[in-house]
There are 4 protein chains.
Amino acid sequence: MPEADEKRKRAHGLLTRQALLVAAGTVFSRVPYADARLKDIADEAGISQGSLYFHFGNKADVAKAVLEEQQARMAGVLLRVTESERRGLERLIRLFSGLAELVATDELVQAGIRLAVQPAIDVEDEARTPYASWVLVAAEILRDGVEDRSVSGDVPIGQMAEFLNEVFVGAQTLAGLEDKWASLPARVRAAEPMIRLLLSPQREHGAA
Amino acid sequence: MPEADEKRKRAHGLLTRQALLVAAGTVFSRVPYADARLKDIADEAGISQGSLYFHFGNKADVAKAVLEEQQARMAGVLLRVTESERRGLERLIRLFSGLAELVATDELVQAGIRLAVQPAIDVEDEARTPYASWVLVAAEILRDGVEDRSVSGDVPIGQMAEFLNEVFVGAQTLAGLEDKWASLPARVRAAEPMIRLLLSPQREHGAA
Amino acid sequence: MPEADEKRKRAHGLLTRQALLVAAGTVFSRVPYADARLKDIADEAGISQGSLYFHFGNKADVAKAVLEEQQARMAGVLLRVTESERRGLERLIRLFSGLAELVATDELVQAGIRLAVQPAIDVEDEARTPYASWVLVAAEILRDGVEDRSVSGDVPIGQMAEFLNEVFVGAQTLAGLEDKWASLPARVRAAEPMIRLLLSPQREHGAA
Amino acid sequence: MPEADEKRKRAHGLLTRQALLVAAGTVFSRVPYADARLKDIADEAGISQGSLYFHFGNKADVAKAVLEEQQARMAGVLLRVTESERRGLERLIRLFSGLAELVATDELVQAGIRLAVQPAIDVEDEARTPYASWVLVAAEILRDGVEDRSVSGDVPIGQMAEFLNEVFVGAQTLAGLEDKWASLPARVRAAEPMIRLLLSPQREHGAA
DNA sequence: AATGAATGAGGGTTCATTCAT
DNA sequence: AATGAATGAACCCTCATTCAT
């Protein structure tokens with residue numbers, strides 16, 4: 001059954017590629033792009049450095065693959081939260097804590113963050129843009145919240161979305177420096193009261 | 001007068017060192033530590049690469065000097081704001097916008113931020129700690145604010161200080177990615193209403 | 001009928017080998033041996049790189065096969081000319097123009113020339129000798145020409161054969177550089193009058 | 001005397017560069033461009049491989065420098081011959097034998113020939129063109145020869161120049177293959193009678 | 001007969017650092 | 001105080017070759 005052989009072969013290749021991706025996550029989560037050694041990634045994945053080039057064209061491609069996977073995993077959290085939670089305010093809180101949990105525990109996601117934040121010459125912007133999209137997501141949820149009365153109608157949606165994004169990114173940045181993101185969930189939890197205060201309907205927003 | 005010569009020489013040496021620092025700021029503000037080339041710094045300063053080693057011991061030393069200068073300049077803003085503003089709330093707001101302005105316009109400070117945020121192998125923590133101190137500063141100001149009634153007494157000082165730090169760092173991170181910090185002042189301005197809302201005395205803080 | 005299968009398989013194998021040879025011709029005609037990539041040859045032939053090793057032992061073997069085929073094709077021209085032309089002088093002229101035509105149009109022959117001219121480490125001399133043999137062929141034809149009176153008896157056979165060989169090789173080298181041998185036939189045509197002048201019987205040869 | 005120091009330093013650098021060029025000649029004269037190892041060149045010159053990059057930008061630059069030097073040396077022969085010999089025919093003969101002598105004894109010139117003949121991807125045409133110019137030189141000399149009656153007026157200048165170029169290039173190619181150009185002078189000497197026969201004034205040229 | 005996957009040696013190049021002057 | 005020159009370690013990447021299927 002040569003066809004079965006083919007399949008197994010290809011499957012094995014995909015496994016290796018997956019291992020490589022995980023290894024890349026480990027390495028890129030620890031050191032900046034320029035300091036990351038392909039040799040370390042290959043070693044970590046248990047294959048030769050040359051093999052790496054069978055699966056990825058070059059160093060930048062590896063980084064891009066990590067970024068893509070990171071985005072997919074973060075989008076996964078969004079999806080799950082969207083499905084499970086009805087009301088806007090809670091959805092937002094859950095999204096934040098869900099992302100925090102993911103970031104705190106998933107090395108590949110941590111690697112993606114590192115890569116996204118630094119201007120590596122060869123990893124083009126295509127992969128680094130998504131920060132903007134999270135603002136849109138937050139705005140969307142806020143609008144839902146206004147509709148379902150979990151969020152005050154006085155909230156200036158756009159600016160608040162931007163603000164919340166800053167809060168999360170700031171927490172993420174600081175947690176990354178402090179203890180490799182282990183404290184991120186705690187930080188987000190600590191921020192929750194302030195967020196509720198800002199959004200809860202019983203207060204008017206006298207913006208400047 | 002050989003002594004005069006000596007003096008001139010030493011003065012000239014300091015000038016060169018200063019030029020080197022500025023050049024380092026320019027380069028480190030643009031690319032990550034590992035991508036920064038001593039050659040580029042030397043070129044930018046208009047001296048030979050070899051000379052650089054007369055003024056600094058090695059690459060890490062240059063980075064450390066940049067970090068020190070950055071911290072001095074940021075501390076300068078704190079000093080000026082502390083002197084000029086009486087009431088806690090306004091002092092805090094002024095501090096934020098003052099720092100934002102500095103970051104947006106001063107390449108060396110931008111360089112410092114870049115260096116502080118990334119885990120460069122050889123620039124040890126000594127220089128990266130200051131993030132923690134800003135939380136202390138914020139807490140101090142908040143306490144003053146409570147005392148002078150510009151800040152609500154219900155505000156949980158420690159957590160709020162941490163939260164505000166996250167906001168600023170988040171704005172800084174995003175502005176850095178977006179347009180090399182040009183938009184940071186605008187971001188801080190946009191965040192002002194939320195901050196006022198959180199701190200102003202006429203609302204109770206019944207957070208968990 | 002398993003035997004028929006066998007036959008078909010073997011035939012198919014030969015086809016592939018042939019395709020491989022053609023592909024090698026294409027690649028070796030374009031770039032020096034060391035720059036020729038087995039991957040390019042395999043791609044050009046439409047098979048996998050691994051398969052190439054079923055048909056040839058290694059890179060040098062591929063080159064040797066190309067050289068052999070080239071020599072066979074050039075010898076073919078000699079054979080055809082010998083059969084068709086009686087008189088020595090005309091035979092010589094026809095041989096030159098026939099070879100020129102072949103070189104100008106046959107990529108595999110071009111590849112052979114490239115390979116023969118450069119000192120590739122692993123394609124040993126076995127394959128590169130034939131230059132000498134062309135001198136012998138030319139001498140033989142010259143002798144025939146003297147006998148049939150189409151070539152002057154005063155011609156110093158050995159040296160003239162060597163000289164004619166140089167002319168052809170020179171034209172070949174220059175045409176190769178100029179336009180990938182497209183101009184070789186024209187060059188040979190332009191050289192014809194000089195050759196006739198040197199060989200025609202009505203003039204005495206007062207060599208040193 | 002710091003100025004003297006400067007001078008000595010720079011002179012030392014030029015010496016190294018010169019040594020590097022000679023070493024490159026040795027290596028490039030032996031193996032094709034792609035097989036030439038920068039390590040071998042550096043070793044041959046007695047410096048580190050890294051130093052090589054202080055004097056030349058990259059491998060292609062080294063090759064280009066060799067080509068330039070080769071052209072200068074060959075042009076030198078032309079100059080000397082032009083000065084020493086009055087009559088066209090003798091000038092031509094002397095030029096050929098002078099070049100042959102140079103090629104046979106000068107490794108750097110041999111290297112230049114090797115480089116000029118093979119299509120190395122990164123050594124651009126700028127450096128490989130000069131073959132054409134030799135045809136012009138030959139034509140010029142032939143014209144002089146016609147004027148001073150050392151060359152027959154019936155000679156078709158352009159075509160004859162091209163033909164003579166082919167002869168020399170052919171001899172050069174074959175000598176290169178045979179014994180690293182040692183036999184080139186002998187080959188040129190052997191060709192001399194044929195050339196004289198073609199050019200000497202007492203015969204008419206019935207060109208096609 | 002053929003393929004996808006893997007290997008490993010080696011090459012060119014970069015760059016922080018040092019040295020002689 | 002400054003420079004040109006030199007060093008050497010290391011990195012990314014290529015590519016002929018091999019192996020399991």
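A quick note: this is a predicted structure, and the numbers were derived from the prediction, not measured. So that the names make sense, note that chain A is the first sequence line, chain B the second, and so on, each numbered from 1.
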- Just jot down the salt bridge (charged side-chain N to carboxylate O under 4.0 Å, His left out) partners of B:Asp106, sequence neighbours excluded, or say none. B:Arg73
- Short side-chain N/O contact from D:His55 to OP1 or OP2 of F:dG4, under 4.0 Å: no
- Query: Does NZ or CZ of A:Lys59 fall inside the cone over A:Tyr33's six-membered ring, less than 6.0 Å from its centre and within 45° of the axis?
  - Reply: yes
- DNA chain E: D:Gly57 or B:Asn58, which has the more 5' nearest nucleotide? D:Gly57
- Query: OP1 or OP2 of F:dT21 sitting under 4.0 Å from any side-chain N/O of A:His12?
  - Reply: no
- Could you list the residues that satisfy side-chain contact (heavy atoms from CB on, under 4.5 Å) with C:Asp43, not counting sequence neighbours? C:Lys39
- Ignoring backbone atoms, establish whether A:Arg37 has a side-chain N or O less than 4.0 Å from OP1 or OP2 of F:dC12. yes
- Message: The criterion is side-chain contact (heavy atoms from CB on, under 4.5 Å); which residues satisfy it with B:Ser48, sequence neighbours excluded?
- Response: B:Ser51
- Can you tell me which stems DNA chain E forms when a stem means 3 or more consecutive Watson-Crick or G-U pairs under 3.5 Å? E:2-21 with F:2-21
- Item | For DNA chain E, the residues among residues 39-52 of chain A that have a non-hydrogen atom under 4.0 Å from it | A:Ile47, A:Ser48, A:Gly50, A:Ser51
- Message: If the cut-off is 4.0 Å, is A:Thr16 near the phosphate of E:dA5, judged by side-chain N/O to OP1 or OP2?
- Response: no
Distance-only donor-acceptor hits, side chain of residues 17-29 of chain C, under 3.5 Å, sequence neighbours excluded:
residue	atom	partner	partner atom	Å
C:Thr26	OG1	C:Val22	O	3.2
C:Thr26	OG1	C:Glu107	OE1	2.9
C:Ser29	OG	C:Gly25	O	3.3
C:Ser29	OG	C:Thr26	O	2.9

- Query: So what does C:Ala36 touch, heavy atoms closer than 4.0 Å: a base, only the sugar-phosphate, or nothing?
  - Reply: sugar-phosphate
- Report the distance from atom CG of A:Leu14 to atom P of E:dA5, rounded to the nearest whole Å. 8 Å
